[in-house]
Asker: 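To start, I am sharing the structure in question, which I have written as structure tokens.
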Amino acid sequence: MSVQGGAIEDLRASVGLRIADEQLLRTLAAGLAEVENLLRETARSEVKTVQDAASHLVEAGGKRFRPMFTLLAAEFGKGNHEDVVTAAAAVELVHLATLYHDDVMDEATMRRGAQSVNARWDNTVAILTGDFLFAHASRLVSKLGTDAARIIAETFGELVTGQMRETVGPDAGEDPVDHYLTVIGQKTGSLIATCGRFGGMVSGAEPEHIEALRRFGDIIGTAFQISDDIIDISSPSHESGKTPGTDLREGVSTLPMLYALADPATDPRLVELLSGPIAEDERVEEALGLLRASSGLDQAMATLSDYAQRARAELTALPASVARDACESVADYLVARTR
């Protein structure tokens, strides 16, 4: 299989994308290869530290779901061309920039299997590198016209607002679950919504199809985070490839935890354990066991199923095609991966 085909297989494995059509596979593979080249080109700088830091996460790889969805959304218009690749690279640059900033706020030491930039250099370098990537994302989007520039600016606002909401926590009297869903909708859903919108828009899709792709992206982005929340609790490491209980160790309250805390019947010991970060492996395992037995996990699963159903419903506004089938397979995968 070609390098491009290998990239598709990697993505298929990571986000459950089912594509049987060979022509669509080749189109997406070629588009992803062009996106990778543009990302590397954008990370270049005459200042060595800037180039090294900016290239750090680009070279670390990742799922590349955002550019893939942008390319896939373009199939509902006139298909892949230079502007679609530009849009796909721009949204991935925005995503990468947020990761640099997130690692500073989370005091992370690792990212995608490599040392994080804030750990390898320092917080200042990480923040400035994120700003550098934001700037280049804006430069790329400016080539797509004023509407695209406005949309990416609005998306920046959503990302920052979501992060601010998460940082300060819910207002007095605000439901913690509603607050959390709003946060992940802004932090994750908003950018994936823009991917669908850009892919449809720059490829000349019909306005109603662009709107359906935007709504699908918004819902599926939120569903991805809920799915990750569930897997962090429910899946053994040999199945998920990740160490379970990461959120517990970091003191992050995810959707299953919030549902459990809202249930008066929840074991008081679990409430005690969820009061802050857990450092000891034995206590992490205890908390995981109690969470798996709690109503919180079942409620989170029900919410995920609801989001996946809503995402599939949005796709009915799109014409039947192998591209629509591929989108639907992602919604199905999000639920299946948590079973």
Side-chain angles (χ1 to χ4, degrees), residues 15 35 38-39 42-43 54 57-58 62-74 76-77 83-105 127 129-168 179-203 205 207 209-226 228 307 310-311 314 327 330:
V15 299
V35 169
L38 187 50
L39 290 174
T42 303
L57 281 187
V58 170
K63 296 175 183 176
R64 299 290 194 250
F65 176 71
R66 290 157 187 82
M68 168 60 82
F69 180 45
T70 307
L71 296 168
L72 189 59
F76 296 95
D83 283 352
V84 176
V85 171
T86 297
V91 292
E92 183 66 6
L93 286 173
V94 172
H95 174 57
L96 292 174
T98 65
L99 297 184
Y100 282 91
H101 289 175
D102 283 350
D103 285 346
V104 172
M105 289 183 284
I127 292 169
T129 303
D131 293 344
F132 176 81
L133 296 181
F134 274 130
H136 280 288
S138 297
R139 177 181 59 79
L140 289 179
V141 172
S142 71
K143 299 179 180 180
L144 306 177
T146 55
D147 280 349
R150 173 183 54 80
I151 290 167
I152 204 66
E154 291 170 351
T155 305
F156 288 161
E158 286 289 294
L159 293 169
V160 173
T161 301
Q163 185 59 63
M164 185 67 78
R165 281 181 186 271
E166 182 179 58
T167 300
V168 303
H179 174 266
Y180 182 76
L181 291 173
T182 300
V183 165
I184 63 176
Q186 291 181 311
K187 285 189 61 179
T188 306
S190 65
L191 183 56
I192 296 179
T194 295
C195 295
R197 196 174 181 183
F198 273 179
M201 187 173 74
V202 300
S203 67
H209 297 159
I210 297 170
E211 179 59 19
L213 289 163
R214 183 197 66 78
R215 292 193 304 264
F216 174 79
D218 186 39
I219 296 168
I220 215 70
T222 303
F224 260 116
Q225 185 58 59
I226 296 172
D228 282 347
Y307 271 82
R310 287 166 52 195
E314 294 296 346
C327 290
V330 175

Asker: With side-chain contact (heavy atoms from CB on, under 4.5 Å) as the test, would you mind laying out the steps for Tyr307 and Gln225 before giving the verdict?
Answerer: CA-CA 11 Å; Tyr307 271 82; Gln225 185 58 59; over 6 Å; no
Asker: On a heavy-atom basis, which atom in Leu39 and which in Glu92 lie closest, and how many Å separate them?
Answerer: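 Heavy-atom minimum between the residues: CD1-CG, 3.9 Å.
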Asker: side-chain contact (heavy atoms from CB on, under 4.5 Å), that's the test. Do Ile210 and Phe76 meet it? Break it down for me.
Answerer: CA-CA 8 Å; Ile210 297 170; Phe76 296 95; over 6 Å; no
Asker: With a cut-off of 3.5 Å and sequence neighbours excluded, list every side-chain donor-acceptor pair involving residues 188-201.
Answerer:
| unit_1 | atom_1 | unit_2 | atom_2 | d |
| --- | --- | --- | --- | --- |
| Ser190 | OG | Gln186 | O | 2.5 |
| Thr194 | OG1 | Thr155 | OG1 | 2.7 |
| Thr194 | OG1 | Ser190 | O | 3.2 |

Asker: I'd like to know if Glu314 and Arg310 make a salt bridge, using a cut-off of under 4.0 Å between side-chain N and carboxylate O.
Answerer: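 Arg310 and Glu314: not salt-bridged.
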Asker: Mind listing the closest non-hydrogen atom pair of Ala87 and Leu144 along with its distance?
Answerer: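 Closest heavy-atom pair between Ala87 and Leu144: CB-CD1, 3.7 Å.
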Asker: Sequence neighbours excluded and cut-off under 3.5 Å, please list the side-chain donor-acceptor pairs for residues 132-141, or say none.
Answerer:
| unit_1 | atom_1 | unit_2 | atom_2 | d |
| --- | --- | --- | --- | --- |
| His136 | ND1 | Arg139 | NE | 3.1 |
| His136 | ND1 | Arg139 | NH2 | 3.2 |
| Ser138 | OG | Phe134 | O | 3.2 |

Asker: If I compare all heavy atoms of Leu38 with all of Val85, which pair ends up nearest, and what's the gap?
Answerer: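 Distance-wise, the nearest heavy atoms are CD2-O, 4.2 Å.
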Asker: Are any of the side-chain heavy atoms of Arg165 and Thr182 separated by less than 4.5 Å?
Answerer: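 Touching, per the 4.5 Å side-chain cut-off.
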Asker: Hey, are the side chains of Phe156 and Val94 touching, using non-hydrogen atoms and a 4.5 Å cut-off?
Answerer: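 Result yes, sub-4.5 Å side-chain heavy-atom pair found.
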Asker: For Ser203 and Ala73, work out which heavy atoms get closest and say how close.
Answerer: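 So the minimum-distance heavy-atom pair works out to OG-O, 4.4 Å.
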Asker: Would you sort out whether His101 and Leu159 count as a side-chain contact (heavy atoms from CB on, under 4.5 Å), showing the intermediate values?
Answerer: CA-CA 12 Å; His101 289 175; Leu159 293 169; over 6 Å; no
